[in-house]
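Comments concern the structure below.
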Amino acid sequence: MTNTRSTAGRPSMADVGRAARVSAQTVSRYFTGTGYVSAQTKERIAAAVDELGYRFNQSARNLRTRRSDTVGVLALGALNYGSAGVLTGLSRAAREADYTLSIIELDLDYDAGDWQDEAQRSIDHFLSIPVDGIVLSTPVQGADDLVASIGAETPIITVSELPPSIDASASTHSHAAGLDGTRHLLSLGHRRILHVAGPGTRNEAVERERGYRDAMSEAGVEPDVLDVSTDWSSVSGFRAGEVADPARFTAVFAANDELALGFMSAMERRGLRAPYDYSIVGVDDMPVASYFSPPLTTMRLDFRALGADTFRMLHHEIRTGQRPTHVVVEPQLIVRGSTAAV
């Protein structure tokens, strides 16, 4: 292989082609992934790139294709297990597609007020970069105006339990999590089931409570909702456990695993322990849930899969122009030691 460089001193695509005994067009196909390049040719090109120290000019390619290979991600709400999982899934899928994510996280308070202006500034920033597409991840309602401001020329996927449209949106199924988690407790013979609700400004909390109520209604028993949580934390769960009346329930459906952990801790301080004195089910299946004492029965939601599916939907629209439909990640019941027959 001949070590030939252009007169400017910096190796060019043509230099790589000469060293690998192929055309510059073949080298271009090698880097862009468009068109066929044989395995042997790829090896020669890779060897030439290493020998010459060539660096592909992505910026020049983007100017020609009018693409930035960048996706903007606007994540509304505090970073928690679910939102972190979505971001992880987005990042992994973006790396596989050789894309870059530009992430803005707006840490909304749980009153969910006065966020629209800041969110609009973030959207305007993405459009000015520009990005090839946008992911809007929101746990609160009111995303309709943001989506409308983007315009049809920039693809957008909304990640929300209550998306503004069934097209180009993705979500977990929190209603099903509430429904199936409560049904599991009902199947064990429990009829006095307390729901430790999540923060009322969050779509996921609203949908999980709705699922709980639907399950109780179809079983012909009265719902009992304890609505004291100001966030998703174990602190709120502990507060609920301090004020709950054990005489009113034999089982608990908690809106997420952290609330369940706090509730169990408060109950244990009061001399009550699952599953001997009550059964309890959470939502999420955090990695630590299997190490709770006792291990927590929970509704697993695959947030990483949600993030990865979301990016693939958006990437497909960027490449093809085809508008995707709604994608739902369904929950899975994981039975552990925190539930037992009444």
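Just so it is clear, the model here is predicted, and its values are computed rather than measured.
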All heavy atoms of Met299 vs all of Ala177, minimum pair found to be CG-O, 3.5 Å
Interatomic distance, OH@Tyr81 vs CH2@Trp232, rounded to 0.5 Å, equals 14.0 Å
All heavy atoms of Leu79 vs all of Glu105, minimum pair found to be N-OE2, 3.2 Å
Between the CG atom in Leu301 and the OG atom in Ser174, the distance rounded to the nearest 0.5 Å is 6.0 Å
* Among the clusters formed by ILVMFWY side chains lying less than 4.5 Å apart, do Phe311 and Ile103 turn up in the same one? -> yes
Quiz item: With the 4.5 Å side-chain cut-off for hydrophobic clustering, are Leu296 and Val235 part of the same group?
Solution: no
**Prompt:** Is there a donor-acceptor contact under 3.5 Å from the side chain of Ser217 to the main chain of Arg213?
**Reply:** no
Q.
With heavy-atom distances below 4.5 Å as the criterion, would you say the side chains of Arg208 and Val283 are in contact?
A. yes
Show the numbers, then the answer: is there a side chain to side chain contact (heavy atoms under 4.5 Å, CB included) between Phe126 and Val73?
CA-CA 9 Å; Phe126 287 146; Val73 179; 5.5 Å; no
**Prompt:** For Val281 and Val252, what are the C-alpha separation, side-chain angles and deciding distance, and is it a side chain to side chain contact (heavy atoms under 4.5 Å, CB included)?
**Reply:** CA-CA 6 Å; Val281 173; Val252 177; over 6 Å; no
dist Leu136:CG -> Ser169:OG (nearest 0.5 Å) comes out at 11.0 Å
message: Given 3.5 Å as the limit, does a donor-acceptor pair link the side chain of Thr297 with the main chain of Arg336, or not?
response: yes
*Would you indicate whether the side-chain heavy atoms of Thr26 and Thr41 approach each other to under 4.5 Å?*
yes
Looking only at heavy atoms, the pair that brings Ser293 and Arg273 closest together is OG-NH2, 2.9 Å
Closest non-hydrogen atoms of Gly307 and Leu90, given as atom of the first, atom of the second and distance, are O-CD2, 3.3 Å
The side chain to side chain contact (heavy atoms under 4.5 Å, CB included) partners of Arg121 (sequence neighbours excluded) come to Asp117, Glu118
* Does one hydrophobic cluster hold both Val225 and Val243, with members joined at side-chain heavy-atom distances below 4.5 Å? -> yes
Closest heavy-atom pair, Gly189 versus Val342, reported as atoms and distance to 0.1 Å, is O-CG1, 3.4 Å
CG of Asp231 to OG of Ser236, rounded to nearest 0.5 Å, is 3.5 Å
What I want to find out is whether Asp214 reaches Arg183 closely enough, with some N-O distance under 4.0 Å, to be called a salt bridge.
no
Here the side chain to side chain donor-acceptor pair (under 3.5 Å) pairs for residues 251-264, sequence neighbours left out, are Asp257-Thr298
Stepwise, does the side chain to side chain contact (heavy atoms under 4.5 Å, CB included) test hold for Ile318 with His316? CA-CA 5 Å; Ile318 291 169; His316 180 75; over 6 Å; no
Any side-chain heavy atom of Leu259 within less than 4.5 Å of one from Ser229? yes
Can you find a heavy atom in the side chain of Phe292 that is under 4.5 Å from one in the side chain of Ser338?
no
Derivation of the salt bridge (Lys or Arg N to Asp or Glu O under 4.0 Å) call for Arg92 and Glu96: CA-CA 6 Å; Arg92 288 181 176 178; Glu96 291 174 2; over 6 Å; no
### Message
side chain to side chain contact (heavy atoms under 4.5 Å, CB included) for Asp124 and Gln120? Distances and angles first, verdict last.
### Response
CA-CA 6 Å; Asp124 293 342; Gln120 187 62 62; 3.2 Å; yes
Can you confirm whether Ile193 sits close enough to Tyr278 that some side-chain heavy atom of one is under 4.5 Å from a side-chain heavy atom of the other? no
Rounded to the nearest 0.5 angstrom, the CD-CD1 distance for Gln40 and Ile45 is 12.0 Å
Correct closest heavy-atom pair for Ala48 and Ala19 would be CB-CB, 3.9 Å
Q.
When you compare the side chain of Ile134 with that of Leu127, does any pair of heavy atoms fall below 4.5 Å?
A. yes
> Short question: side chain of Tyr212, backbone of Asp224 - any donor-acceptor pair under 3.5 Å?
Replying inline: yes
- Would the number of heavy atoms belonging to other residues, nucleotides or ligands and lying under 6.0 Å from CZ of Arg239 be above 12? yes
For the residue pair Phe253 and His195, does the interplanar ring angle fall in the parallel (under 30°), tilted (30 to 60°) or perpendicular (over 60°) class? parallel
With sequence neighbours left out, the residues meeting side chain to side chain contact (heavy atoms under 4.5 Å, CB included) with Val221 are Leu186, Arg191, Met216, Ala219
**Prompt:** Under a 4.0 Å N-O cut-off, is there an ion pair linking Glu207 with Arg210?
**Reply:** yes
The side chain to side chain contact (heavy atoms under 4.5 Å, CB included) partner of Leu306 among Thr310, Asp309, Asp302 is Thr310
query = Taking atom types as modelled, is there a side-chain donor on Asp15 or Ser12 under 3.5 Å from an acceptor on the other?
reply = yes
So, Ser171 side chain and His173 main chain: donor-acceptor pair closer than 3.5 Å or not?
-> no
Cluster check Leu226, Ile280: I/L/V/M/F/W/Y, side chain < 4.5 angstrom = yes
Residue set satisfying salt bridge (Lys or Arg N to Asp or Glu O under 4.0 Å) with Glu161, at least two apart, ordered chain then number -> none
Exercise. Do any N or O atoms from the side chain of Arg44 and from the backbone of Ala20 form a donor-acceptor pair under 3.5 angstrom?
Worked result: yes
Those residues at least two apart in sequence (or on a different chain) that pass side chain to side chain contact (heavy atoms under 4.5 Å, CB included) with Asp245 are Ala247, Arg248
Sorted by chain and residue number, the side chain to side chain contact (heavy atoms under 4.5 Å, CB included) partners of Ser91 (sequence neighbours excluded) come out as Arg95, Leu101
Rounded to the nearest 0.5 angstrom, the CZ-CD distance for Arg269 and Glu242 is 8.0 Å
Quiz item: Is there a donor-acceptor pair closer than 3.5 Å between any side-chain N or O of Thr182 and the backbone N or O of Leu179?
Solution: no
Taking the side chain as everything from C-beta on, heavy atoms only, tell me whether Val140 gets closer than 4.5 Å to Arg202. yes
- request: Consider only side-chain N and O atoms of Ser279 and Thr339, and report whether a donor and an acceptor are under 3.5 Å apart.
  value: no
Answer whether the closest heavy-atom distance between the side chains of Ser83 and Phe303 falls below 4.5 Å. no
